A.B. asks: 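Sharing a structure with you now.
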Amino acid sequence: MKTLSSATGSLVIHSARLVDRGEIVEDGWVRIEDGVVASRGTGPDWEPATEVVDATAVAGAGALLTPGFVDIHGHGGAGAAYDDGVDAIRTGRDLHREHGTTRAVISLVTGTIDDLARSVALIATLTRTDPDVLGSHLEGPFLDPGHHGAHEPSLLRHPVPADVARLLDAGEGTVRQVTIAPELPGGIDAVRQIVAAGAAAAVGHTDADAAMAVAAFEAGASLLTHAFNAMPGIHHRAPGPVLAAAADHRVILEAIADDVHLDPHVVKLVFDAAPQRVALITDAMAAAGSADGKYDLGAVKVTVENGVARADDTGSIAGSTLTQDVALQRAVAAGVPLPEVVRALTETPARAIGRDAHLGALRPGLLGDAVLLDAELRVARVWTGPALPA
């Protein structure tokens, strides 16, 4: 499998089934000029280019071409945890790029305010040198202690305005989302503060009931962090935050289609309940693409057995070992139509963080991120375009 840049010259990829924005176009082609989609069409009517790729010759009959995958929630891969700095981030990103994730938000687990501010500032700098890094996601520390998951409970805290402002300011506008339990003291005000700074507020790691979740969404929260996980489930007399999110057309639901965090029937349920509002994330930790064994997830010790990561002290699921191509395969196997799964890997996550004007589709004017897959949905080749416009 080759990971290539489409940032210079002209590229035509032809004889593919184009899967994009909820539709499939047979025998399609896409032309990319200097890393930006210039045109698309069907059949043989494409013009010569610097590089021409016959999708069928590379990936076989039934080859698929999709936009590049966008992961808005992941913690590492290839043995590296994103909390450990630039080299670790680049190592993890190399692994996930090979599996189709052309752009990613770098998720950080709970730490001290000082440590998180340093990490967010580092990621802000990295966005200026590594165009595939879209910014940061603070998954803590403003979480419910009763739903801490693999986050260190002693480091959790209430969202004091000064702490929230310090973290957002450290990101210099590159904090893309902040997960928060809105029922914490000051939680709703923090949601407003996060949104006012241009980041997405995500309800998660929470004990919120439906009413509290609705209050957060009314305050501007627009994401649900890994739906069903680390929050109350659905009860027929207590619908909880998942149904509140599914009922609100403004809210996007993250889902982890690894057959561990969610049963395949529940994956299908989420897509059915929130059409065009599901973002398939990896929540991947360092063990993604690596062997079973002992790992660190922030301050938490983790053991991975049979590809399943659990915290040593509590047994809680501690992220995943998922890559987005496997998420694609498993969601399709769960019965979700292919175009909708691809949308959940591309257009919807880009929209969730306000980057859908440049990413998430193979349409003229958008960046030339693309993934070529074979008929079994295995990645054959990946192209990445240039940096997003400022």
Side-chain angles (χ1 to χ4, degrees), residues 73 83 107-121 136-171 175-235 237-245 247-248 250-254 283 297-300 311 313-314 316 352:
H73 185 164
D83 305 85
S107 296
L108 301 169
V109 297
T110 295
T112 66
I113 295 296
D114 287 345
D115 285 346
L116 289 172
R118 280 191 290 269
S119 292
V120 164
S136 57
H137 163 213
L138 290 160
E139 198 177 358
F142 311 122
L143 312 178
D144 170 44
H147 292 83
H148 63 82
H151 294 254
E152 172 54 47
S154 65
L155 296 175
L156 300 181
R157 57 200 296 135
H158 295 163
V160 177
D163 289 344
V164 176
R166 184 180 174 197
L167 295 176
L168 293 169
D169 290 346
V175 175
R176 300 301 173 209
Q177 65 158 308
V178 181
T179 294
I180 187 166
E183 74 276 11
L184 295 175
I188 295 297
D189 286 340
V191 167
R192 296 190 181 100
Q193 185 179 2
I194 292 162
V195 173
V203 173
H205 286 273
T206 177
D207 196 41
D209 60 11
M212 176 54 71
V214 168
F217 300 143
E218 289 298 325
S222 57
L223 273 166
L224 187 69
T225 296
H226 45 50
F228 286 98
N229 288 274
M231 64 186 63
I234 296 173
H235 185 278
R237 287 190 294 273
V242 177
L243 285 190
D248 191 323
R250 300 169 295 184
V251 180
I252 289 169
L253 289 73
E254 292 183 349
D283 197 18
L297 185 59
V300 175
D313 55 348
T314 65
S316 297

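We use all heavy atoms of the structure for the numbers below, so side chains are in, but hydrogens, waters and symmetry mates are not. Only a predicted model underlies this, so the values are computations on that prediction, with no experimental measurement involved.
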A.B. asks: If you round to the nearest 0.5 Å, how far is CD1 of Ile180 from OG1 of Thr225?
C.D. replies: 10.5 Å
A.B. asks: Can you sort out the partners of Ala352 under side chain to side chain contact (heavy atoms under 4.5 Å, CB included), two or more places apart, ordered by chain and number?
C.D. replies: Ile72, Leu223, Ile252
A.B. asks: Do Glu139 and Thr110 meet the criterion of a side-chain donor-acceptor pair at a distance under 3.5 Å?
C.D. replies: no
A.B. asks: Can you list the residues that meet the ring-ring contact (aromatic ring centres under 6.0 Å, His included) rule with His73, with sequence neighbours excluded?
C.D. replies: His75, His137, His226
A.B. asks: For Val175 and Gly171, work out which heavy atoms get closest and say how close.
C.D. replies: CG2-CA, 4.0 Å
A.B. asks: In Å and rounded to the nearest 0.5 Å, what is the CG to CG distance from Leu116 to Leu138?
C.D. replies: 6.0 Å
A.B. asks: If you take all heavy atoms of Leu167 and Ile113, which pair is closest and at what distance?
C.D. replies: CD2-O, 3.8 Å
A.B. asks: Which pairs pass salt bridge (charged side-chain N to carboxylate O under 4.0 Å, His left out) with one or both residues in residues 221-231, sequence neighbours excluded?
C.D. replies: none
A.B. asks: Before giving the answer on side chain to side chain contact (heavy atoms under 4.5 Å, CB included), spell out for Met231 and Leu224 the whole-Å C-alpha distance, their side-chain angles and the decisive distance to 0.1 Å.
C.D. replies: CA-CA 10 Å; Met231 64 186 63; Leu224 187 69; 3.8 Å; yes
A.B. asks: Rounded at 0.5 Å granularity, tell me how far NE2 in His158 sits from CG in Leu143.
C.D. replies: 11.0 Å
A.B. asks: Check salt bridge (charged side-chain N to carboxylate O under 4.0 Å, His left out) between Asp115 and all other residues, then give those that pass, not counting sequence neighbours.
C.D. replies: Arg118
A.B. asks: Ala208 and Pro232: which non-hydrogen atoms are nearest, and at how many Å?
C.D. replies: O-CG, 3.5 Å
A.B. asks: Among all residues two or more places apart in sequence or in another chain, which pass the side chain to side chain contact (heavy atoms under 4.5 Å, CB included) test with Leu243?
C.D. replies: Ile234, Pro239
A.B. asks: According to the salt bridge (charged side-chain N to carboxylate O under 4.0 Å, His left out) rule, which pairs have a member within residues 141-153, sequence neighbours left out?
C.D. replies: none
A.B. asks: Which atoms form the tightest heavy-atom contact between Val214 and Ala244, and what is the distance?
C.D. replies: CG2-CB, 4.0 Å
A.B. asks: Tell me, please, which residues at least two apart from Ser222 pass side chain to side chain donor-acceptor pair (under 3.5 Å).
C.D. replies: none
A.B. asks: Does any non-hydrogen side-chain atom of Ser119 lie less than 4.5 Å from one of Asp83?
C.D. replies: no
A.B. asks: Do you know the tightest heavy-atom contact between Thr206 and Pro182?
C.D. replies: OG1-CD, 3.6 Å
A.B. asks: Which atom pairs, one a donor and one an acceptor, fall under 3.5 Å between side chains of residues 159-166 and the rest of the protein, sequence neighbours left out?
C.D. replies:
from	atom 1	to	atom 2	distance (Å)
Asp163	OD2	Arg157	NE	3.1
Asp163	OD2	Arg157	NH2	3.0
Arg166	NH1	Asp114	OD1	2.6
Arg166	NH2	Asp114	OD1	3.0

A.B. asks: Of the non-hydrogen atoms in Val120 and Leu108, which two are nearest, and what is the gap between them?
C.D. replies: CG2-CD1, 3.9 Å
A.B. asks: Would you find a donor on one side and an acceptor on the other, under 3.5 Å apart, between the side chain of His205 and the backbone of Ala230?
C.D. replies: no
A.B. asks: How far does CD of Gln177 sit from OG of Ser136, to the nearest 0.5 angstrom?
C.D. replies: 9.5 Å
A.B. asks: Strictly by salt bridge (charged side-chain N to carboxylate O under 4.0 Å, His left out), give each pair with a member in residues 203-218 just once, sequence neighbours left out.
C.D. replies: Glu218-Arg250
A.B. asks: Pairs in or reaching into residues 191-200: which pass side-chain hydrogen bond (donor to acceptor under 3.5 Å, both in side chains), with residues at least two apart or in two chains?
C.D. replies: Asp189-Arg192
A.B. asks: Could you pull out all residues at least two apart from Ala221 that satisfy side chain to side chain contact (heavy atoms under 4.5 Å, CB included)?
C.D. replies: Val191, Ala201, Val203, Ala216, Phe217
